[in-house]
Amino acid sequence: MEQYQEVTDIAGEVRYVMRLSDEVLVPIFDERNADYLAYLEWRAVGNTPLPA
């Protein structure tokens with residue numbers, strides 16, 4: 001199962017999640033991004049990302 005961690009910008013806002021298996025940064029709020037859609041599915045089944 002994938003694991004994700006929130007990543008914040010310099011202002012402290014969460015802008016990405018990192019997929020820990022391969023350290024890919026996934027931009028959030030981009031529904032055209034297949035990695036983001038996979039992340040949303042992961043969240044939908046009750047998972048939560050690690051905090052930043």
Side-chain angles (χ1 to χ4, degrees):
M1 178 184 301
E2 292 292 346
Q3 184 101 25
Y4 295 87
Q5 182 171 15
E6 296 175 335
V7 178
T8 58
D9 64 12
I10 196 165
E13 299 291 324
V14 175
R15 300 286 182 203
Y16 301 92
V17 289
M18 180 186 297
R19 187 173 53 220
L20 297 178
S21 63
D22 56 4
E23 297 183 351
V24 166
L25 286 179
V26 178
I28 59 173
F29 310 120
D30 181 1
E31 295 190 8
R32 297 170 297 174
N33 184 316
D35 291 327
Y36 178 61
L37 295 176
Y39 169 73
L40 290 178
E41 289 178 19
W42 180 81
R43 291 288 308 260
V45 296
N47 295 300
T48 57
L50 299 170

(message) So, using side-chain contact (heavy atoms from CB on, under 4.5 Å) as the criterion, who are the partners of Leu20 when residues are at least two apart?
(response) Gln3, Gln5, Met18, Leu50
(message) According to salt bridge (charged side-chain N to carboxylate O under 4.0 Å, His left out), who are the partners of Arg43, at least two apart in sequence or on a separate chain?
(response) none
(message) Assigning hydrophobic clusters by single linkage (Ile, Leu, Val, Met, Phe, Trp, Tyr; side-chain heavy-atom cutoff under 4.5 Å), is Ile28 placed with Leu25?
(response) no
(message) Please determine whether residues Tyr4 and Tyr36 belong to a single hydrophobic cluster, defined as Ile, Leu, Val, Met, Phe, Trp and Tyr linked transitively by side-chain heavy-atom distances below 4.5 Å.
(response) yes
(request) Treat each ILVMFWY residue as a node, draw an edge where side-chain heavy atoms are under 4.5 Å apart, and state whether Tyr16 and Leu40 are in one component. (result) no
(message) Please report the interatomic distance CZ(Phe29) to CD(Glu31), rounded to the nearest 0.5 Å.
(response) 10.0 Å
(request) Just grab all the side-chain hydrogen bond (donor to acceptor under 3.5 Å, both in side chains) pairs involving residues 17-29, residues at least two apart or on different chains. (result) Glu2-Ser21, Arg19-Asp22, Arg19-Asp35
